[in-house]
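Each remark here refers to the structure printed beneath this line.
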Amino acid sequence: MIKIENPNGYIEITNNYFANLVGRTAQSCFGVTGMVDSNALRTIKNAIKSKITNDNSDQGVIVKSMNGELIIELHISVSYGVNINTIVESIVNKVRYTVEEATDLKVSKVNVYIDALSK
């Protein structure tokens, strides 16, 4: 849960909201074939969840808040043969812009990990 204080009071935004927002944004980038969990327990949990809800957009996304700024960690799968550096740069820029535009919070870091290659 991320809390923001403004003159009118507090705003609380759930980590689930951020994970879905970031996951959908990353998946819309060229060359990204999906999100990958780096934790075995989360993989099993998300496999069961995606069977029930048919939605796994928050899989492979970790959002942390430090000193009022966000640190986003993405674990993704990309297409074989694409320029990974270009894809990562595109993801970082698009995720940063989308989150800052949607929430008015500053994103200090976007860490992208390529965990799998797909054909």
Hey, any chance [X] and [Y] share a hydrophobic cluster, counting ILVMFWY side chains that come within less than 4.5 Å of each other, even indirectly?
X	Y	answer
I87	Y97	no
V61	Y113	no
F30	V32	yes
V63	Y17	yes
M35	I71	no

(message) If you define the side chain from C-beta out and look only at heavy atoms, does anything of I72 sit under 4.5 Å from V107?
(response) yes

(message) Within the 4.5 Å heavy-atom criterion, are N20 and V22 side-chain neighbours or not?
(response)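 Sidechains of V22 and N20: no contact.
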
(request) Check for a donor-acceptor pair, side chain of T98 on one end and backbone N or O of K94 on the other, with a separation under 3.5 Å. (result) yes

(message) Checking the side chain of D115 only, and the main-chain atoms of I76 only, is there a donor and an acceptor separated by less than 3.5 Å?
(response)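 Judged by distance alone, no pair lies under 3.5 Å.
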
(request) Check whether more than 12 heavy atoms from other residues, nucleotides or ligands sit under 6.0 Å from atom CD of E69, and answer yes or no. (result)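 Above 12, so yes.
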
For the [atom1] atom of [X] and the [atom2] atom of [Y], what is their distance to the nearest 0.5 Å?
X	Y	atom1	atom2	value
E101	T25	CD	OG1	12.0 Å
R96	L70	CZ	CG	10.5 Å
D104	I13	CG	CD1	9.5 Å
K64	E73	NZ	CD	5.5 Å
L117	T33	CG	OG1	8.5 Å

(message) Ignoring hydrogens, what is the shortest heavy-atom contact between D37 and G60? Give both atom names and the distance.
(response)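 So the minimum-distance heavy-atom pair works out to OD1-N, 3.0 Å.
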
(message) Testing V92, I91, N111 one by one against L74 for a side chain to side chain contact (heavy atoms under 4.5 Å, CB included), which residue passes?
(response) I91

(request) Ignoring hydrogens and angles, state whether a donor on the side chain of S118 or S79 is under 3.5 Å from an acceptor on the partner side chain. (result) no

